[in-house]
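Quick notes on the structure that follows.
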Amino acid sequence: MLPVNWFTRVIRTNPTNLAAAGQVETEHVSGKILWILNLFHDDEKVAHEILNSLSIEAGLRKLHYITATISKNSKMFETFIKCGYQPLGWETIWRFQYKQRNFIFNNFLWRKAIPSDMIQINLLQNKVLSLDEKRILPPANLNNPKYVLLNANVLSGYACVQTSGSISVITPVLDPQIPETANVINSFCRKFLNQFSIHYIVLTASQQWIAPLLQGQIELVHHRQEVLVKRIAIQSRVNASVYNQISNGQHTDIATPLSQSYKQDNNI
């Protein structure tokens, strides 16, 4: 998925040679690390420096926390932990092939979310999400899901959707008590995502119960990925010279994005 708002930071051994780079997607008060490149694979200090640089820039943008998803078996997992990240959840990613089935019951209805849904969305999050998951979710009024599922006018689920080209990525949050879960998701895809040929479903820790109900319609794309979180607290801006010089003589600077974000200053 192509992010709308993002920033990059790089570390160079000199003005022309790149040592490491990383990119973060920003949304409201949260940031998500999209990728990190470390050209000095055996130098753990470089990995620490790029992670710290991303955190500093996130703080300058007044973000409250920054997240990353990574396998527990990855060599970088311990590096994240040493840099102040802590695991607060996990997720799996599946490819979904919906089939033509009967529509869901008449009292179930998918529609686009509206501002008045926020109270019920908060109530649903309190009911079905774990405490750790709620800690890393922006408040519903800042992270407005695109679609909601109503059961007799009672909100029973919602879906966040990202699209790019022919691909759609769906992150559902559903009440486990709803019947015909597979049919509910089929109906959603037919109604709103019929123009996309490839559908991926991201299931967080509290929504893994959905996977067995979609047996035969999904295939695993990414095994369990840990969701790591680092809290950020920067009270005031500091002069760039304070953090622009790194202890081992390397320099950190901000790489110019290919396209400028339009909602935030890029601090370039």
Side-chain angles (χ1 to χ4, degrees), residues 1-91 136 138 162 164 222 225-268:
M1 299 295 102
L2 298 175
V4 175
N5 298 298
W6 50 283
F7 65 84
T8 55
R9 285 187 68 85
V10 302
I11 293 177
R12 308 179 190 275
T13 55
N14 58 50
T16 58
N17 291 332
L18 182 69
Q23 186 178 89
V24 172
E25 179 181 12
T26 65
E27 184 177 7
H28 301 297
V29 297
S30 65
K32 180 180 180 181
I33 294 181
L34 300 177
W35 55 264
I36 285 183
L37 171 68
N38 180 8
L39 298 179
F40 294 79
H41 301 289
D42 297 329
D43 189 348
E44 189 173 296
K45 183 178 289 187
V46 174
H48 285 199
E49 289 171 352
I50 188 61
L51 285 175
N52 289 335
S53 296
L54 293 174
S55 296
I56 290 171
E57 178 62 19
L60 293 175
R61 292 168 181 266
K62 299 181 180 179
L63 304 185
H64 294 179
Y65 59 89
I66 188 169
T67 67
T69 54
I70 189 170
S71 169
K72 207 167 188 176
N73 298 323
S74 170
K75 293 181 179 178
M76 283 290 291
F77 183 82
E78 288 301 322
T79 302
F80 275 92
I81 298 299
K82 292 177 181 178
C83 288
Y85 286 78
Q86 59 177 319
L88 279 185
W90 58 282
E91 64 184 29
I136 58 177
Q162 291 178 287
S164 178
H222 282 297
Q225 300 281 303
E226 306 300 317
V227 180
L228 305 179
V229 182
K230 182 175 183 178
R231 301 288 177 180
I232 300 172
I234 294 182
Q235 294 182 339
S236 60
R237 290 178 178 269
V238 295
N239 191 288
S241 62
V242 173
Y243 61 85
N244 201 45
Q245 183 72 27
I246 300 179
S247 58
N248 64 0
Q250 296 176 346
H251 292 271
T252 175
D253 60 8
I254 304 170
T256 303
L258 297 178
S259 61
Q260 300 285 347
S261 299
Y262 62 83
K263 290 185 179 180
Q264 302 181 40
D265 295 333
N266 282 285
N267 297 323
I268 296 176

Exercise. Give the minimum heavy-atom separation between N38 and V46, together with the two atoms involved.
Key: OD1-CG1, 3.4 Å
Quiz item: CG/N73 to CD/E226 distance, rounded to the nearest 0.5 angstrom?
Solution: 9.0 Å
Practice problem: Could you tell me which non-hydrogen atom of Y65 sits nearest to which non-hydrogen atom of R231, and how far apart they are? | Solution: CD2-NH1, 3.8 Å
Quiz item: Looking at side-chain heavy atoms only, is the closest gap between H48 and T79 below 4.5 Å?
Solution: yes
Quiz item: Which heavy atom in I66 sits nearest to a heavy atom in A58, and how many Å separate them?
Solution: CD1-CB, 4.4 Å
Quiz item: CD1/I50 to CG/L37 distance, rounded to the nearest 0.5 angstrom?
Solution: 9.0 Å
Self-check item: Side-chain heavy atoms of F80 within contact of I36, under 4.5 Å
Solution: yes
Quiz item: Less than 4.5 Å apart, any side-chain heavy atom of L60 and any of F7?
Solution: no
Quiz prompt | Qualifying residue, where the test is side chain to side chain contact (heavy atoms under 4.5 Å, CB included) with L18 and the options are T13, I11, L39 | solution = L39
Self-check item: Nearest-0.5 Å distance that lies between atom CD in Q225 and atom NZ in K72
Solution: 13.0 Å
Self-check item: Separation between CG of L34 and OG1 of T69, rounded to the nearest 0.5 Å
Solution: 9.0 Å
Self-check item: CD1-NZ distance between I232 and K62, expressed to the nearest 0.5 angstrom
Solution: 14.0 Å
Quiz prompt | Closest approach of A21 to V10 (non-hydrogen atoms, all atoms of both residues) | solution = CB-CG1, 3.7 Å
Self-check item: Note, T26 side chain near L63 side chain (heavy atom, < 4.5 Å)
Solution: yes
Self-check item: Point-to-point distance, once rounded to the nearest 0.5 Å, from CG of N17 to CZ of R12
Solution: 9.5 Å
Exercise. Quick one: closest heavy-atom pair of S55 and K230, and the distance?
Key: OG-NZ, 3.5 Å
Quiz item: For the residue pair L51 and C83, what are the closest heavy atoms and their distance?
Solution: CD1-SG, 3.8 Å
Quiz item: Salt-bridged, E78 to K82, with N to O below 4.0 Å?
Solution: no
Quiz prompt | Sub-4.5 Å side-chain heavy-atom contact between Y85 and I70 | solution = no
